[in-house]
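Sequence lines set the chain letters: A, B, ... in the order given, protein chains first and strands last, and positions in each chain run from 1.
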Amino acid sequence: MAQAYWLMKSEPSAFSIDDLAEEKRTSWEGIRNYQARNLLRETKAGDQVLFYHSSADPTGVAGIAKVVREAYPDPAQFDRKSEYFDPKSPRAEPRWLTVDLAFVRKFPRVVTLGELKANPALAKMAVTQRGSRLSVQPVTLEEFRAVLAMAGR
DNA sequence: GCCAACGTTGGC
DNA sequence: GCCAACGTTGGC
């Protein structure tokens with residue numbers, strides 16, 4: 001499979017592009033939605049990720065990350081002290097996965113959701129759809145390039 | 001803070 | 001297996 005592209009959401013009050021820039025690398029823990037989990041399973045090392053700030057001001061794509069470790073069981077599901085603890089996930093058959101992401105770059109400015117919606121080339125992009133709640137979304141190469149172009153250099 | 005969208009749970 | 005109730009996400 002060729003390199004793929006994704007959009008992943010994070011609330012910057014919890015973890016922002018600046019946090020990723022500082023830490024360089026992070027485990028993308030806490031995905032607790034089956035559809036998003038299934039998409040994580042499809043990610044490959046080297047895939048590029050639009051880092052999206054949700055519930056923020058402004059909301060939008062704040063930068064780029066890349067997948068550096070492919071899907072593995074999310075340790076937080078077994079950690080009783082974690083907010084992501086899932087007592088119903090069997091150890092022998094972990095229910096939830098995580099991937100590791102590395103910082104690539106922060107955009108000079110956030111490409112806002114409003115701008116994404118206003119670009120006809122992005123009309124099919126999941127994030128621009130009404131009611132889109134999925135925290136991991138597939139993105140086409142064309143969409144990825146269009147967002148980069150909007151961010152400027 | 002409101003509320004639309006939509007995923008999950010659980011009674012039947 | 002249906003579906004109502006409930007919980008969560010996330011834009012506004």
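Close to C/dG11, at under 4.0 Å from its OP1 or OP2, lies a side-chain N or O of A/Tyr52. Taking 4.0 angstrom as the limit, A/Lys88 places a side-chain polar atom (N or O) nearer than this to OP1 or OP2 of B/dT9.
Atom P of nucleotide B/dA5 and atom CZ of A/Arg130 are separated by 4 Å, given to the nearest angstrom. Atom-to-atom, CG of A/Leu134 to C1' of B/dA5 comes out at 13 Å; the value is rounded to the nearest Å. Put simply, OH on A/Tyr84 is 9 Å from P on C/dT9, counting in whole angstrom units. Atoms CD1 (A/Ile31) and P (B/dG7) sit 15 Å apart, rounded to a whole Å. Computed from coordinates, the A/Arg133 CZ to C/dG10 P distance equals 8 Å when rounded to whole Å. Counting to the nearest Å, the P atom of B/dA5 and the CD atom of A/Gln137 are 17 Å from each other. Separating the NZ atom of A/Lys9 from the P atom of C/dT8 is a distance of 17 Å, rounded to the nearest angstrom. Counting to the nearest Å, the P atom of C/dT9 and the CZ atom of A/Arg32 are 11 Å from each other.
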(request) Could you please spell out the steps behind the salt bridge (charged side-chain N to carboxylate O under 4.0 Å, His left out) verdict for A/Arg32 and A/Asp86? (result) CA-CA 9 Å; A/Arg32 295 293 179 269; A/Asp86 182 355; 5.4 Å; no

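Closest to the side chain of A/Tyr34, out of B/dT8, C/dC12, B/dG7, is B/dT8.
Within the nucleic acid shown, A/Ser55 comes within 4.0 Å of at least one base atom, counting heavy atoms only.
Interatomic distance, A/Glu29 CD to A/Asp74 CG, rounded to the nearest 0.5 Å: 4.5 Å.
A donor-acceptor pair shorter than 3.5 Å cannot be found between the side chains of A/Gln129 and A/Ser132.
Ring centers of A/Trp96 and A/Tyr34: under 6.0 Å apart, within the cut-off.
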